[in-house]
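Take a look at the structure below.
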4 protein chains.
Amino acid sequence: MIATRDLVAELGYERVTIESIAARAHVGKQTIYRWWSSKSAILADCILDGLVLLPQELPPENDDIRISLTEWLRGALGAMADPDSASLIRGLTSAAADDPDLALVLYERLTEPYESSIAARLEEAAERGELRSGISAADVIEMLFGTILYRLLSRLDMGPHVAENIIEMLFSGLGPT
Amino acid sequence: MIATRDLVAELGYERVTIESIAARAHVGKQTIYRWWSSKSAILADCILDGLVLLPQELPPENDDIRISLTEWLRGALGAMADPDSASLIRGLTSAAADDPDLALVLYERLTEPYESSIAARLEEAAERGELRSGISAADVIEMLFGTILYRLLSRLDMGPHVAENIIEMLFSGLGPT
Amino acid sequence: MIATRDLVAELGYERVTIESIAARAHVGKQTIYRWWSSKSAILADCILDGLVLLPQELPPENDDIRISLTEWLRGALGAMADPDSASLIRGLTSAAADDPDLALVLYERLTEPYESSIAARLEEAAERGELRSGISAADVIEMLFGTILYRLLSRLDMGPHVAENIIEMLFSGLGPT
Amino acid sequence: MIATRDLVAELGYERVTIESIAARAHVGKQTIYRWWSSKSAILADCILDGLVLLPQELPPENDDIRISLTEWLRGALGAMADPDSASLIRGLTSAAADDPDLALVLYERLTEPYESSIAARLEEAAERGELRSGISAADVIEMLFGTILYRLLSRLDMGPHVAENIIEMLFSGLGPT
DNA sequence: TGTTAACCGAGACGGTACGTCAGGTCTTGGA
DNA sequence: TCCAAGACCTGACGTACCGTCTCGGTTAACA
C-alpha cells in the first residue's frame, strides 16, 4: 500500500495509525482489516510487493569484486542519507523488533536477492584469485547489513568514505600481514 | 526504573504502557510524567543508570586478542539467547528507531565502555604483532555490534559457533592469502 | 439516559462521573462524548425525554381551588420525601446552578405543564369568587416551587402539615383581616 | 479569605481551585486544609465574615412593615443582579445540594440573622395592626428566600418591580377580598 | 433493462491508554 | 516550631486509536 509506505516515511512507524492509512488511501478501515491483520503485516506486504525500495543491484560482473562491493555499499549508505528512506528503514526496524513474523518476511526479502547474486560473485572472484576460499556469502551480507543498520539506528555518518573503510577492513582482516 | 526494565523485558517495548509502569511501581501516573516526558525517556534513564545489562567485560589482558574477542562475542551472543534479554534489546532498538535522543544516549552508553577498552587491547595486540596496524577500534565495535543487532532482529541463531565464524572472517579478511 | 438518572438519584450529581455513566450503561466513554458535550447536557436530555419524573397532575376541576392546591402541594412535598427523588431533584438543582442551558430546559419543562393548567384553574376559581382577581399563575407557581426547592435544599421537613401552612399563608396573606 | 472571594468573583465558583486559592494567598495547600474541609466551607466562612455581600439589613424600625419588606427584597434581588454575586450564590446552592452538612451551616447562617430580626419586626407590626396575627417569621423567610433562589436558578428577571409584585401577593393573599 | 447481490466508504460502537488536572495527604527546608 | 512549597497517590477528565460492527450508495451479474 503506497499510502502506508509514504506515511511511514513521513511520520515514522510509531506515529502512523491504521486510521491515517485508511484516510490517506480514501478507503474504509474495514477494507484494510479485510486484507491485513496488523500494521506490520501491511508493511510486510509493502516489502514483498517491492514498494519499499532496497539498495540497488550489484554492479556488473566484470568489475573487480572489491570495487563492486565498495560501490554497492556506497550506494546503500547513500540511499540511507535520504531522510525519508532512513525513516522508512527505521520504521521497518521498529516493526521487525516487535513482530517476529514481519522480521522473517523482511529478512528473507532483504537477503534473498543478494544472497544468490553475491554468492555467485564471490565464487567467481575466488576463482579469479581475488578472494581467499571458504567464504560464506550469508556471513558477508550479514556483516554488511548489520553495519548499515547499526549506523542507521545510531544516526552515524553515512558519507561515502565510510564504505571504503568498511570494505578495506573486511578485505584485509585484522590479522597481521 | 526497575519496573520499566522488567516490563519491557516481559512484554516488549510496544506493549508496555505508562500506566502499567506506574501500576507496577505503585506510583501515580503523574509522578512519572513529572520526571520523564515519554516512555523512551524512561528507558534512556534506565540505560544511564546501568539498569539495563550490557555484555560483560572483555576477558583478561594476557589472552590472545583473537581468543579474547571470540570469547567476548560468544558471551554477548549468549546473553542474547536469553529471551528476556533479547526482548529487552529489541525493545531498546524499537525505541531508538523512533527517538533520536534515546538513540544517542543508547549509542554512547553502549560504545563508551568498550571503545576505550577495546582500543587499548587492540593497540597492545598490534604491538605484540598479533594484528596489523591502522585498525580503528570504533570500526571493529561497530561491525561487531551491527552483526549482533542484525542477528537479533532477524531472529537468527545465536549459538556459540557463530562467534567463531565471525571472528574468523574478521581476522582473516576476504582477500586472498 | 436511564443510567444517568439512576446514578444521579443514587449518588448525587457531583459524585456522578461520565466514566461511571459509561460503565453503568455498558457503553464507551467516547460514545457519550459523541452525543453530549457535558454531564449537564445529558441530564437536560433526560428531562426533555421525560425520564425525570415531576410531581403529578393537579387534582380534578370540581374541587375547591384551595383544596386542590393543598393536595397538589402535599403530593409534591410527599414525592420529595422519597430519598431518591429528593436526591435527583437536588442533582438537577446543582446542575442547573452550573449550567444556564440546562437551567432553561429544566425551567421550561417544570413550569410548562403547570402554568397553563394552573392558570386556567385560578381563572375559574376567580370566576366562582374563590379568589381575588388579578393573580398571576406564574407568580404562584414560582412561589410554590421556590418554597419546595428551598425546603429541599435546606433539608427541612416535608411533612403533610407543611402544605397546609403554606397554602394558608398564601391564601390569607399577611395583611390585617 | 479575601483571595477566595476575589477568585470567585473573577473566575466563578466552579473554576476556582483550592490550589489557585493557596497560590493567590501565598499559602501552602496544607494550611488551607488545616482550617477548612472543602472549597464550599471556605465560602461559608467568607459569608460569615461578611466578605461576601448578602442582602443588607432590614430598614429601620419606624418604617411601615410592608415597605420595609419590599425594600429589603428589592435590595436582595438587586444584589443578585450582579453577575458575580449571582454566580457565587449559585455556587453555594450547588455545594449545598451535594453536601447536607454545608447545607445546614449555610441554612443557619443565612436565616439566623434574619429570623430573630424579622420575627420581632413582624410582631411589632402585628401589634400596630399592620398585620394579621399568627404569622410565622420562619415561613415568611422561607417563602422569600425560596422565591429568590428559584428566580436565581431559573435565571429569571431580578428587576425592582419583581419585589413589589411578590410582596403585594404575599400581603394580600389569594383569597377573595 | 431491472433486480439483486457483493462490495466498500463512512463512521458509530465498546474499549484501552493517553497526557492533564485537581483533590487531599505527606515531607522538607528555611525562617 | 512552623509553614510555603511542592512531591506524592488517586481518580476523572476529554482525546486518539484500536478492532468490530452496521449502515447506505454504487457497481456488476444475472434475469
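Remember, predicted model here, so these are calculated numbers, not experimental data.
- Without hydrogens or angle criteria, A/Lys29 side chain to A/Ala22 main chain gives no donor-acceptor distance under 3.5 Å.
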Could you list all N or O pairs between the protein and nucleotides 9-13 of chain E that sit under 3.5 Å apart?
| residue | atom | partner | partner atom | Å |
| --- | --- | --- | --- | --- |
| E/dG9 | OP2 | A/Gly28 | N | 3.0 |
| E/dG9 | OP2 | A/Thr31 | OG1 | 2.6 |
| E/dG9 | O5' | A/Gly28 | N | 3.3 |
| E/dC13 | OP1 | C/Trp35 | NE1 | 3.3 |
| E/dC13 | OP2 | C/Arg34 | NE | 2.7 |
| E/dC13 | OP2 | C/Trp35 | NE1 | 3.0 |

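- With a 4.5 Å cut-off on side-chain heavy atoms, B/Arg90 and B/Arg155 count as touching.
- A nucleotide of DNA chain F counts as in contact with chain A when one of its atoms lies under 4.0 Å from a heavy atom; the first and last such, 5' to 3', are F/dC17 to F/dC21.
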side-chain hydrogen bond (donor to acceptor under 3.5 Å, both in side chains) assessment of C/Glu10 paired with C/Ser87: CA-CA 7 Å; C/Glu10 283 172 29; C/Ser87 178; over 6 Å; no
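- Within the 3.5 Å criterion, the main-chain N or O of A/Val27 finds no donor-acceptor partner in the side chain of A/Thr31.
- Between the side chain of B/Ser154 and the backbone N or O of B/Tyr150 there is at least one donor-acceptor pair closer than 3.5 Å.
- At a threshold of 4.5 Å between non-hydrogen side-chain atoms, the residues D/Arg15 and D/Ser20 do not count as touching.
- The distance from atom CD1 of D/Ile42 to atom C1' of E/dA22 is 14 Å, rounded to the nearest whole Å.
- Looking only at side-chain heavy atoms (C-beta outward), B/Ile18 and B/Tyr33 come within less than 4.5 Å of each other.
- The side chain to side chain contact (heavy atoms under 4.5 Å, CB included) with C/Tyr13 is formed by just one residue from the set C/Leu7, C/Leu43, C/Leu88; it is C/Leu43.
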